[in-house]
Amino acid sequence: MRKILNAAALSAVIALVGCISLPVTATDVIRPGTQVTAEASKLNPFWFSPLPTETSAQLVADLLEQCGGEGLTGVTIATQTAFVIIGQQEKIVATGYCVESS
């Protein structure tokens with residue numbers, strides 16, 4: 001009976017953790033202009049194929065391209081992970097501000 005209760009408690013904890021998403025962000029804004037956003041998301045079945053580590057750099061390059069290469073400030077990278085039965089859903093969102101010319 002004790003093993004069944006432990007298994008049930010472990011299942012409840014895993015289900016609760018699967019519902020939690022912790023964003024990781026850092027922001028420093030200098031002369032903010034137009035806000036730009038880029039994102040990438042992927043279902044990672046069975047935890048075999050996560051988003052590549054260079055995804056954040058690609059998103060920042062996309063933000064800079066949206067600004068016409070003029071400059072970018074206040075970049076925020078947020079990551080979200082949601083666990084599903086067959087793996088996890090990963091999402092990375094990058095936001096920033098185009099630097100306005102003086």
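Across all non-hydrogen atoms, the minimal contact from Leu63 to Ala38 is CD2-N, 3.6 Å.
Considering OG1 of Thr55 and CG of Asp62, their distance stands at 12.0 Å, rounded to 0.5 Å. Atom CG of Leu72 is separated from atom OH of Tyr97 by 11.0 Å, given to the nearest 0.5 angstrom. Atom OG1 of residue Thr37 and atom CG of residue Leu59 lie 10.5 Å apart, to the nearest 0.5 angstrom.
For the pair Ser41 and Gln80, the minimum side-chain heavy-atom distance is 4.5 Å or more. Within the 4.5 Å cutoff, no side-chain heavy atoms of Thr79 are placed close to those of Leu51.
For Gln58, the CD atom sits in a packed shell: over 12 heavy atoms of surrounding residues, nucleotides or ligands are nearer than 6.0 Å.
Side chain of Asn44 to main chain of Gln89: no donor-acceptor pair is present (N/O by atom type, distance under 3.5 Å, no hydrogens or angles). The backbone N or O of Val99 lies less than 3.5 Å from no partner atom in the side chain of Glu70, so there is not a single donor-acceptor pair.
For Gln88, the side chain to side chain donor-acceptor pair (under 3.5 Å) partners at least two apart in sequence or on another chain are Trp47, Glu90. A search for salt bridge (charged side-chain N to carboxylate O under 4.0 Å, His left out) contacts involving Glu39 returns Lys91, not counting sequence neighbours.
Val75 and Val93 are members of different hydrophobic clusters when ILVMFWY side chains are connected at heavy-atom separations under 4.5 Å.
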